[in-house]
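Take a look at the structure below.
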Amino acid sequence: MALCHLPLPRWSAQCRLRSMTATKGPLAPPTCADNSPPCPDVSLNPPILSRPQDHTLAYLPSEPLSLSLPRTHSLHSATRLGSTRLAARSSMASPGAQQLKQLKPLYQHVVNNFVAVLAAPVAVAAAITAARVGPDELLARLHALRAAHVFLAVFVPAAAATLYLMLRPRSVYLVDYACFRTKPNCRVPFSTFLEHAKLVTFVEGASIDERSVRFMTRLLERSGLGEETCLPPAHHYIPPYRNMEASRAEVELVIFSAIDDLLAKTGISPAAIDILVVNCSLFAPIPSFTDMIIHRYGMRRDVRNVHLSGMGCSAGLISVGLARNLLQVAPRGAHALVVSTETITPNYYVGKERAMLLPNCLFRMGGAALLLSTSRAKARFRLARVVRTLTGAQDSAYRCVFQEEDGEGHRGINLSKDLMTIAGDALKANITAIGPLVLPASEQLLFAMSFIARRVFGGGKFKPYLPDFRTAFEHFCIHAGGRAVIDELQRSLGLSDQDVEASRMALHRFGNTSSSSVWYELAYIEAKGRMRRGDRVWMIGFGSGFKCNSAAWECIAPPRNAEGPWEDSICRYPVDIPEVLKH
């Protein structure tokens, strides 16, 4: 069969005007907050797709975290219903409960500043006592002290402080980052994607049938992706190119574009980079990605380089943790370049197994490059914590995301039906590990009291206390792996719509870009102008194996401008979410 390129549809201005005039609600013409002219657009403002079926996610100290799948109500309806019930309960709450709620800020202020609260009366008492004794008697008591006691009182604290400063791990900083900016010619609207899937059914060797196309249609309607997500150029051909040459072309397009933007933003020379870490799960050619980058930019011969593969969508945070460990033993002021991406070209599934068709609908091209250093100069974020959780010792967790061939020999990624339950267990373990490291003392004390009460008096009398992570973080970057995960994390952690807005909008605009999705979300927060000096960011990633990884950042310097992957579309976001998008 001859190769042919599928032309991308282009709407005329009259069609756009007619469509915007006849449409109500979320498809109204976008306007910017500052009434500036609308930014360049390649399509109408597409609505976010409907939410999938509801899941229930609960964080229980003594029970496994799980996600169940009720058969009634969509997740959007369930979320609105839960909010309505919560508001009704709040309105019917007893006066005592309302008073306790009003006193909680005072409790948090006292407990979180316990040392200052305790030190203030002690200092006042010491000052009053010194005033009563008088200066002459104080000097007499000081002269009566032995020289050895005075020496120990001064030397021991000074030596301990010096030893701590010498042995503590070096702080690692994020100098800056850059995300791959997708091109309009790679855009894949739903109509193009589905037409392409139908044509693939006629390609020799493919087994996608009409039933599989209908399944993908229903999946797209509930996926949360918009009309501007992008696939690599090789997927715009019939049949799609899946060879080594097309795969390398996608890699070079994505990672070289992101690195070029990063070097331009930071002004650093490639020769100044000491460490190079790249992660890509499904494509590991020879020479490796790190060799490709070293060859392209002429890096030094002694640069330490690592290529991580097979780590899944959480590999971006694993790369950050690895780069941090290497920087802490490198000379002071060293720089590490971290690149996170996923290659879509060789992984297009042409079979009809439903569990393996899901990645075709969700994953899109994307990548990010970031520069880490142990020097605070010009840094924008400080890396506070990296917490990794692995549940791969369990057979179900190990096989829940598995690359294999179906019965007809077509290779793809098989997503287990137990994926959501396994992800919930991994998330609970990760929260349990990172909570004591980031939560303020007031939240840890309430959680400890709740845990003890449930142990002593039984779990039926006391509900488990869910720590308020909004007291530890101002911004949340949840891996945009799917709408259900984002919505359930919002409900289970008690987050607001604005807290998870970045994750939802990144999924809508760029799709699931695998390990780089959290950086598109951070770019969204900054493009909206919400990042402030001192703000804390929590990144959460999920990946095969099964893994749940977290990274905590503290902002040092907000961005000077909104340049980045959202530059041409930020004024159109956020967008509304209909129940189901029908075509």
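Remember, it's a predicted structure, so these values are computed and weren't measured experimentally.
No donor-acceptor distance shorter than 3.5 angstrom exists from the side chain of Thr343 to the backbone of Cys280, with no hydrogens or angles considered. A donor-acceptor contact shorter than 3.5 Å is absent between the side chain of Ser450 and the backbone of Leu446. In this structure, Asn305 contributes its side chain and Val303 its backbone to a donor-acceptor pair below 3.5 Å. A distance-only check finds no donor-acceptor pair linking the side chain of Glu554 to the backbone of Gly534 [under 3.5 Å]. With hydrogens and angles disregarded, a donor-acceptor distance shorter than 3.5 Å links the side chain of Asn430 to the backbone of Val387. Judged purely by atom type and a 3.5 angstrom limit, Ser517 has no side-chain atom pairing as donor or acceptor with the backbone of Thr513. When atom types are taken as modelled, the side chain of Ser281 and the backbone of Gly312 share a donor-acceptor pair closer than 3.5 angstrom. A donor-acceptor pair under 3.5 Å is absent between the side-chain atoms of Ser314 and the main chain of Asn549, judged by distance alone. Not a single donor-acceptor pair under 3.5 Å links the side chain of Gln328 to the backbone N or O of Pro169. Asp499 places a side-chain N or O within donor-acceptor distance of the main-chain N or O of Ser496, the cut-off being under 3.5 Å.
Across all non-hydrogen atoms, the minimal contact from Pro467 to Glu443 is CA-OE1, 3.6 Å. Taking both residues in full, the closest heavy atoms of Ala368 and Ser516 are given as N-CB, 3.8 Å, listed atom of the first, atom of the second, then distance. Gly321 approaches Val386 most closely through the heavy-atom pair CA-CG1, 4.2 Å. In plain terms, the two heavy atoms of Ser550 and Ile540 that are nearest each other are OG-CG1, 4.3 Å. Across all their heavy atoms, Thr389 and Ala429 have their closest contact at CG2-CB, 3.5 Å. Residues Gly481 and Leu362 share a closest heavy-atom pair of O-CD1, 3.9 Å.
Using the six-membered ring where Trp is involved, Phe402 and Tyr398 have ring planes that are perpendicular, over 60° apart on the 30 and 60° scheme. Taking the six-membered ring where the residue is Trp, Phe473 and Phe469 present parallel rings, their angle staying beneath 30° rather than reaching 60°.
Using a 4.5 Å heavy-atom cutoff, the side chains of Leu337 and Ile275 are not in contact. Between Asp497 and Arg504 there is a side-chain heavy-atom pair separated by less than 4.5 Å. The side-chain heavy atoms of Lys547 and Ile318, taken from C-beta on, include a pair separated by under 4.5 Å. Annotation: side chain of Arg332 is not in contact with side chain of Ser375 (no heavy-atom distance under 4.5 Å). Counting heavy atoms from C-beta outward, Val500 and Leu489 have side chains that stay 4.5 Å or more apart. Contact annotation: the side chain of Pro574 approaches that of Tyr524 to within less than 4.5 Å [non-hydrogen atoms, C-beta and beyond]. Residues Met539 and Leu522 are in side-chain contact: their nearest non-hydrogen atoms beyond the backbone lie under 4.5 Å apart. The shortest side-chain heavy-atom distance between Glu501 and Ile525 does not fall under the 4.5 Å cut-off.
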Problem - Verdict with reasoning, Ile255 to Val278, per side chain to side chain contact (heavy atoms under 4.5 Å, CB included) - result: CA-CA 10 Å; Ile255 65 176; Val278 183; 5.7 Å; no
Practice task
Begin from the C-alpha positions of Trp553 and Val320 and carry the test side chain to side chain contact (heavy atoms under 4.5 Å, CB included) through to its verdict.
Solution key: CA-CA 11 Å; Trp553 303 86; Val320 169; 3.9 Å; yes
Practice task
Under the side chain to side chain contact (heavy atoms under 4.5 Å, CB included) rule, what do Leu507 and Ile486 come out as? Steps first, then yes or no, please.
Solution key: CA-CA 10 Å; Leu507 179 65; Ile486 298 172; 4.3 Å; yes
Handout entry: Verdict with reasoning, Trp538 to Ile434, per side chain to side chain contact (heavy atoms under 4.5 Å, CB included)
Key = CA-CA 10 Å; Trp538 186 13; Ile434 197 174; 3.8 Å; yes
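In this structure, a donor-acceptor pair under 3.5 Å is present between the side chains of Ser503 and Glu521. Residues Ser288 and Asp291 have side chains that bring a donor and an acceptor to within less than 3.5 angstrom of each other. In this model, a donor atom of one side chain and an acceptor atom of the other lie less than 3.5 Å apart for Ser340 and Asn279. A side-chain donor-acceptor contact under 3.5 Å links Tyr297 and Asp260. Of the N and O atoms on the side chains of Asn512 and Glu342, not one donor lies less than 3.5 Å from an acceptor on the other residue.
A ring pair (Phe, Tyr, Trp, His ring centres under 6.0 Å) with Tyr520 holds for exactly one of Phe510, Trp566, Phe180, Tyr573; it is Phe510.
For Arg380 and Glu526, the salt-bridge test passes: some basic side-chain N is under 4.0 Å from an acidic carboxylate O. Salt-bridge check for Lys265 with Glu563: failed, with every basic side-chain N at 4.0 Å or more from each acidic carboxylate O. With respect to the salt-bridge test (charged N to carboxylate O, under 4.0 angstrom), the residues Arg181 and Asp568 do not qualify. Between Arg536 and Glu474 there is a salt bridge, with a side-chain nitrogen of the basic residue lying less than 4.0 Å from a carboxylate oxygen of the acidic one. The existence of a salt bridge linking Arg530 and Asp535 is excluded, since no basic side-chain nitrogen approaches an acidic carboxylate oxygen closer than 4.0 Å.
For the atom pair NE2 (His307) and CG (Leu276), the distance works out to 10.0 Å, reported to the nearest 0.5 Å. Atom CZ of Phe289 sits about 11.5 Å away from atom CG of Leu308, to the nearest 0.5 Å. Rounded to the nearest 0.5 angstrom, Gln394 CD and Phe546 CZ are separated by 11.5 Å. Taken from CG in Asp274 to CG in Leu327, the straight-line distance is 8.0 Å, to the nearest 0.5 Å. In this structure, the separation between CZ on Phe283 and OG on Ser309 is 11.5 Å, given to the nearest 0.5 Å. To the nearest 0.5 Å, atom CZ of residue Arg509 and atom CD1 of residue Ile570 are 10.5 Å apart.
Residue-environment remark: NZ (Lys378) stays at or below the threshold of 12 foreign heavy atoms within 6.0 Å. Shown here is Asn561, whose CG atom has more than 12 heavy atoms of other residues, nucleotides or ligands within 6.0 Å. Atom CZ of Phe256 has more than 12 neighbouring heavy atoms from other residues, nucleotides or ligands inside a 6.0 Å radius.
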